[in-house]
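Encoded as structure tokens, the structure appears first; notes follow it.
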Amino acid sequence: MAKQDKEFVKEITPQAQDYSQWYLDVILKAQMMDYSPVKGCMVIRPYGFTLWENMQQGLDRRIKETGHKNAYFPLFIPESLLQKEADHIEGFAPEVAWVTHGGNEKLAERLVVRPTSETIICEMYSRWIQSYRDLPVLINQWCSVVRWEKVTRPFLRTSEFLWQEGHTAHRNEEDAEEETLKMLEVYRDFVENDLAVPVVTGKKTDNEKFAGALRTYSIEALMSDGKALQAGTSHNLGEHFAKVFDITYLDSDGELKYVWQTSWGVSTRLIGAIIMVHGDDRGLILPPKVAPTQVILVPIAPKKVREEVLPKVAAVYEELKAAGIRIEMDDREEYSPGWKFNEWEMKGVPLRIEIGPRDLESGQAVLARRDNGEKVTVSLAELKDSVSSLLVEIQSNMFAKALAFREENTRRTDDYEEFKRIIAEKRGFVVSHWCGDSSCEQAVKEETKATIRCIPFNQEEGSGTCLRCGAKSDSLVYFARAY
RNA sequence: CGGGGCGUAGCGCAGUUUGGUAGCGCACUUGGUUUGGGACCAAGGGGUCGCAGGUUCGAAUCCUGUCGCCCCGACCA
């Protein structure tokens, strides 16, 4: 980043100086969120929430296209329900918020504010499911959940966060596994295509899997500081919950059987991923598909020509808006064009159109891309088409750029000393052989702070030797320091 | 839960060492001049200095306590 650029954004700490301060500066200055009076909770401001709404649209469409319907389950869960599944309660007990009183009266049974909804949903499924003809049950809900976190970071980990959680019930293991993988693929498709964030897909180790799950799969993304972020998870819950919640059905063979279940979710954490994958020292860079504002139109209208310029610029605004482009016009008189350029760049708007007297004389407009800073001049007649194709181009360039970064920062070694060096000095993903023993996994974590992000589906090599213990290993895994 | 940092105007800070009229920059308001990469001039408004005790003639400043927030680590979407 040129020195000149830094001067434009004196309010933002450069990434190289202090990455987490950069992150906080950006989201506050861009008005994505603000801190609330409640510790660990944040206010998602309109700019951030519009981004979330756009993300919801893209994902909700995909969830529905794969046959799921939305529903809503209660915020409160009786203590007794949460406690039914042993692993589950053990996993979540430390971070649940309790409701003990209604008004002034103490409740007969404490309620938890849902940290996730498996238990309450299972309770209902046990009532709804009788026959194999009732299966599969494919339900999703958009809601917020509460986990009393000790350490919080805006979007990445807050005490309350927004998400969607899908909960399905199936006839057998094959169907449940198919569903689990199908939804992971939905997430991959959504995150890569709409958010322009490349992900690695794979299975979680037993240590890292969801409390109460048989198997957990995840999509893992690499942030621009070299740390990994779990961007979404999909769990095959097996029959664990069905057995404790007694969710049974009469199969066609006349036998009473337990259902196989899945659950899967992504959260507002994805907003953190967008920020950290694409942002730079000048601020946010938002992917066109979900950006609250795709195009910012800045008229250059000195007083003497304002009356000529503004109506023409307004006409351009109307034309692009009618074409379905999320465009805004910044015709505020109290700010200079330069100020507006910096402001909207900081907010990550993918494309800027400048139209001033000189442009109107020659019937053109200046387009400036946020992703690479390039400026091009196009005729007003071609503007609509140029804008549309540039937005597509920006979206794919952002993905390509992020993918290139991830490739550059994914390193392959089975040499533990080299592994430690990479994790300490360069970070990023390190792909290594692992024997499958959780004590090796634990040791690597203690010694390097790197965890196994996932066992990728893509296994390009045959067997080898575990990087920590040297024993025979059949699978490569992704290691990284993670958020 | 450990370690660190911070609470003074909307934001960022100075003032605290050595007690004595609460300040600066940005933002905001009004008027005017401006507009192709963060414009300028002038005049304004805005504060129980996180909170509670204490010491003192006098506390943002010293003492005691307390609350909150942020960051970094152990656990987690």
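In what follows, every chain begins at residue 1, and chains take the letters A, B, ... in the order their sequences are listed.
Under a 4.0 Å N-O distance rule, the pair A/K303/A/E333 does not qualify as a salt bridge. Under a 4.0 Å N-O distance rule, the pair A/R369/A/D371 qualifies as a salt bridge. With salt bridges taken as basic N to acidic carboxylate O contacts below 4.0 Å, one links A/R62 and A/D194.
The gap from the C1' atom of B/rG45 to that of B/rG5 amounts to 33 Å, rounded to the nearest Å. The gap from the P atom of B/rG68 to that of B/rG25 amounts to 35 Å, rounded to the nearest Å. The separation of B/rG46 from B/rU30, taken at their C1' atoms, amounts to 15 Å, rounded to a whole angstrom.
For the pair A/S20 and B/rC72, the criterion of a side-chain N or O lying under 4.0 Å from OP1 or OP2 is met. Within the 4.0 Å cut-off from OP1 or OP2 of B/rC75, at least one side-chain nitrogen or oxygen of A/K445 is found. The side chain of A/S336 places an N or O atom within less than 4.0 Å of a non-bridging phosphate oxygen (OP1 or OP2) of B/rA39. Within the 4.0 Å cut-off from OP1 or OP2 of B/rC76, not a single side-chain nitrogen or oxygen of A/R269 is found.
Listed nucleotides: B/rC1, B/rA77, B/rC71. Nearest to the side chain of A/K150: B/rC1. When distances run from any side-chain atom of A/W339 to the nucleotides B/rG38, B/rC70, B/rC76, the shortest one goes to B/rG38.
Checking A/H235 against A/Y35, the closest nucleotide of RNA chain B that is more toward the 5' end is the one next to A/Y35.
By the 30° and 60° cut-offs, the orientation of the rings of A/W22 relative to A/Y19 is tilted.
For B/rG38, its base never sits under 3.5 Å from the side chain of A/R282 at any donor and acceptor pair. Contact of A/R157 with B/rC76 (side chain to base): a donor-acceptor pair of N or O atoms is detected under 3.5 Å. Counting atom types as modelled, A/K340 pairs no side-chain N or O with a base atom of B/rG36 as donor and acceptor under 3.5 Å.
Contact annotation for A/E354: base contact, defined as any heavy-atom pair under 4.0 Å involving a base atom. Here A/G356 lies in heavy-atom contact (under 4.0 Å) with a base. Residue A/Q21 is out of contact with every strand shown, counting any heavy-atom pair closer than 4.0 Å. Within the 4.0 angstrom heavy-atom criterion, base atoms lie near A/L156. No contact: A/K29 has no heavy atom under 4.0 Å from any strand. Residue contacts for A/P357: at a heavy-atom cut-off of 4.0 Å it reaches a base atom on one of the strands shown. Among the protein residues, A/T158 comes within range of the nucleic acid bases, having at least one heavy atom under 4.0 Å from a base atom.
Between A/K449 atom NZ and B/rG73 atom P the separation is 6 Å, expressed in whole Å. Counting to the nearest Å, the P atom of B/rC71 and the CD atom of A/E149 are 13 Å from each other. In this structure, A/E446 atom CD and B/rG73 atom C1' are separated by 14 Å, rounded to whole Å. Rounded to whole angstrom, the span from the CG atom of A/D225 across to the P atom of B/rC72 amounts to 11 Å. For A/L162 and B/rA77, the CG to P distance is 17 Å, given to the nearest whole Å. One can place NZ of A/K227 at 7 Å from P of B/rC72, the figure rounded to the nearest angstrom. If you take CD of A/E345 and P of B/rG37, they are 12 Å apart, rounded to a whole angstrom. Rounded to a whole Å, the CG atom of A/D330 is 15 Å from the C1' atom of B/rG36.
Of all nucleotides present, none satisfies the Watson-Crick or G-U wobble test against B/rU21 with each distance under 3.5 Å. B/rA14 makes up no base pair with any nucleotide shown, lacking Watson-Crick or G-U wobble contacts both under 3.5 Å.
A side-chain hydrogen bond (donor to acceptor under 3.5 Å, both in side chains) with A/T262 is found for exactly one of A/T168, A/T180, A/N236, namely A/T168.
A/N70 and A/D60 share a side-chain donor-acceptor pair at under 3.5 Å.
The six-membered or imidazole ring of A/F479 lies near that of A/F419, with a centre-to-centre distance under 6.0 Å.
For B/rA77, the base is stacked against the aromatic ring of A/F161, per a cut-off of 5.5 Å between centres and 30° between planes.
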